[in-house]
Protein chains: 2
Amino acid sequence: MGISNFPMITSLRTTLKEHGLKDTQPRRFVLQALEKLKKPASPYDIQKWVDAKGGSINAVTVYRIIETFMRIGLVHRHPCDGHFSLCSMPHKKGHHGFLHCTSCGKTQEFHDEQLCKAEERVARTLKFRSSTHVSEILGTCAACAA
Amino acid sequence: MGISNFPMITSLRTTLKEHGLKDTQPRRFVLQALEKLKKPASPYDIQKWVDAKGGSINAVTVYRIIETFMRIGLVHRHPCDGHFSLCSMPHKKGHHGFLHCTSCGKTQEFHDEQLCKAEERVARTLKFRSSTHVSEILGTCAACAA
DNA sequence: ACTGTAAATGCAATATTATTGCTTTTACAA
DNA sequence: TTGTAAAAGCAATAATATTGCATTTACAGT
Ligand SMILES: [Mn+2]
Ligand SMILES: [Mn+2]
Ligand SMILES: [Zn+2]
Ligand SMILES: [Zn+2]
């Protein structure tokens with residue numbers, strides 16, 4: 001169990017079976033898109049990627065697949081209260097860090113243990129049982145600054 | 001300068017003048033709404049608040065006012081790549097922390113210096129010039145857990 | 001292999017959120 | 001008081017998200 005054996009599209013079938021879910025082409029498409037895009041993507045981004053590859057997928061289906069994948073921990077959805085916005089494949093379950101360059105639009109993922117610990121401590125202090133935490137840092141990337 | 005003298009609606013006029021902007025009723029409405037709501041709100045949330053108070057404001061105007069307010073540092077917009085989503089008044093310029101209860105929907109703001117420092121360190125390490133950072137922690141609040 | 005069935009997808013309609021261009025109104029400097 | 005640029009309103013449209021229902025499909029059981 002867990003997602004540490006990802007991203008390997010070949011194990012998708014296994015993971016789906018573990019959760020009693022069917023192995024379908026749309027689901028394979030969505031996972032591939034998220035793997036290849038390598039950055040947070042919207043449902044429509046995913047649809048475009050599939051189209052570009054000569055495939056086809058309904059946007060509603062993408063929304064539903066993402067919901068399913070979130071439920072089984074395959075993808076992470078950026079928490080923007082009531083908006084779908086973006087999702088991506090987490091390096092590690094339950095937390096995420098992003099650096100987003102407002103100049104070129106590129107997003108880079110990071111993971112920092114101290115930052116994780118700090119977020120967990122904050123939750124604990126405020127009697128909050130946290131399931132996920134996300135850090136987003138906005139600014140200018142090295143390439144754009146130069 | 002700075003936003004430390006907020007939230008005081010009376011100083012809005014001054015701040016606007018400092019930036020060569022006009023003191024208008026819609027702008028006062030938006031600031032009041034954000035102050036009173038005390039949590040991240042969408043443009044339509046703000047419009048509803050104004051309506052509920054017997055006032056009236058066009059949604060497009062709310063969007064534009066929020067853009068203006070962001071530019072002069074009066075409000076913070078949660079960074080959700082390409083989506084407006086939510087904005088709120090920052091306790092301190094340039095950073096934000098939120099605990100969002102997925103059960104009751106309440107959002108509580110926090111500020112943690114260590115977490116701030118950790119985010120700044122991550123940016124520095126990755127040669128990233130950060131302007132803003134946001135932490136969102138999702139889970140269950142004390143009230144809902146009980 | 002075939003078949004029945006629940007699950008998944010597609011499709012259509014609708015709701016919500018966000019943007020754009022243009023007209024009208026308004027703040028405020030002169 | 002008045003002229004003018006800025007701001008707000010209005011209308012149209014685009015983009016994003018959800019819902020209900022019809023159709024297709026994966027796959028378990030035979
Ligand atoms: Mn973490
Ligand atoms: Mn900070
Ligand atoms: Zn960049
Ligand atoms: Zn709660």
Side-chain angles (χ1 to χ4, degrees), chain A residues 9-10 12-33 37 40-51 55-72 74-75 77-88 105, chain B residues 9 12-33 37 40-51 53 55-72 74-75 77-88 105:
Chain A
I9 195 79
T10 49
L12 175 61
R13 177 184 292 269
T14 310
T15 305
L16 289 171
K17 186 165 282 182
E18 278 175 12
H19 290 85
L21 298 168
K22 291 182 182 173
D23 174 40
T24 66
Q25 185 173 59
R27 283 174 176 162
R28 291 190 293 273
F29 274 153
V30 170
L31 192 69
Q32 281 184 341
L37 285 168
S42 74
Y44 288 95
D45 290 337
I46 292 167
Q47 186 186 38
K48 275 177 211 138
W49 186 90
V50 173
D51 284 349
S56 167
I57 192 169
N58 189 284
V60 179
T61 302
V62 179
Y63 276 93
R64 293 198 270 230
I65 288 175
I66 291 170
E67 268 182 70
T68 302
F69 281 5
M70 285 193 300
R71 189 158 44 77
I72 65 178
L74 276 183
V75 305
R77 173 175 163 181
H78 293 221
C80 292
D81 304 74
H83 286 248
F84 218 107
S85 301
L86 301 167
C87 60
S88 55
Chain B
I9 194 78
L12 175 61
R13 177 185 290 269
T14 308
T15 304
L16 290 171
K17 186 165 282 183
E18 278 174 12
H19 290 85
L21 298 168
K22 290 181 182 175
D23 174 40
T24 66
Q25 185 172 59
R27 283 176 176 161
R28 290 189 294 271
F29 274 152
V30 170
L31 192 69
Q32 280 183 341
L37 285 168
S42 74
Y44 288 95
D45 290 337
I46 292 167
Q47 187 186 37
K48 275 177 210 135
W49 186 91
V50 173
D51 284 348
K53 292 291 163 184
S56 165
I57 191 169
N58 190 284
V60 180
T61 301
V62 178
Y63 276 94
R64 293 200 268 230
I65 288 175
I66 290 169
E67 267 182 71
T68 302
F69 280 6
M70 285 193 300
R71 189 158 44 75
I72 65 177
L74 276 181
V75 305
R77 173 177 163 178
H78 294 221
C80 292
D81 302 74
H83 286 249
F84 219 107
S85 302
L86 301 167
C87 60
S88 55

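Chain naming here is simple, since letters A, B, ... match the order of the sequence lines and numbering starts at 1 in each.
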Ignoring the backbone of B:I65, work out which of C:dC11, C:dA18, D:dA8 is nearest its side chain.
D:dA8
Listed nucleotide nearest any side-chain atom of A:L21, set C:dG10, D:dA17, C:dA8
C:dA8
Starting from [atom2] on [N], measure out to [atom1] on [X] and report it in whole angstrom.
X	N	atom1	atom2	answer
A:R64	C:dA12	CZ	P	14 Å
A:L16	C:dT9	CG	P	10 Å
A:L12	D:dA26	CG	P	14 Å
A:N58	D:dT19	CG	C1'	13 Å
B:K22	D:dT4	NZ	P	13 Å
A:I46	D:dT16	CD1	C1'	14 Å
B:Q47	D:dA8	CD	P	14 Å
A:R71	C:dA7	CZ	P	12 Å

DNA chain C: B:A59 or A:A59, which has the more 5' nearest nucleotide?
A:A59
Nearest-nucleotide check on DNA chain C, B:K48 vs A:S56; residue mapping nearer the 5' end is A:S56
Kindly indicate whether the side chain of A:Y44 and the base of D:dA17 share any N or O donor-acceptor pair separated by less than 3.5 Å?
yes
Enter the distance from A:L74:CG to A:R27:CZ here, rounded to the nearest 0.5 Å.
10.5 Å
Do you know which two heavy atoms are closest between B:A41 and B:I46, and how far apart they sit?
CB-CG1, 4.2 Å
Which pair of heavy atoms, one from B:V60 and one from B:N58, lies closest together, and at what distance?
N-OD1, 2.9 Å
Ion pair B:K17/B:D23, N-O distance below 4.0 Å
no
More 5' along DNA chain D: A:Q25 or B:T61, using each one's nearest nucleotide?
B:T61
Is it the case that the side chain of B:D51 and the backbone of B:K48 share a donor-acceptor pair, with hydrogens and angles ignored and the cut-off at 3.5 Å?
no
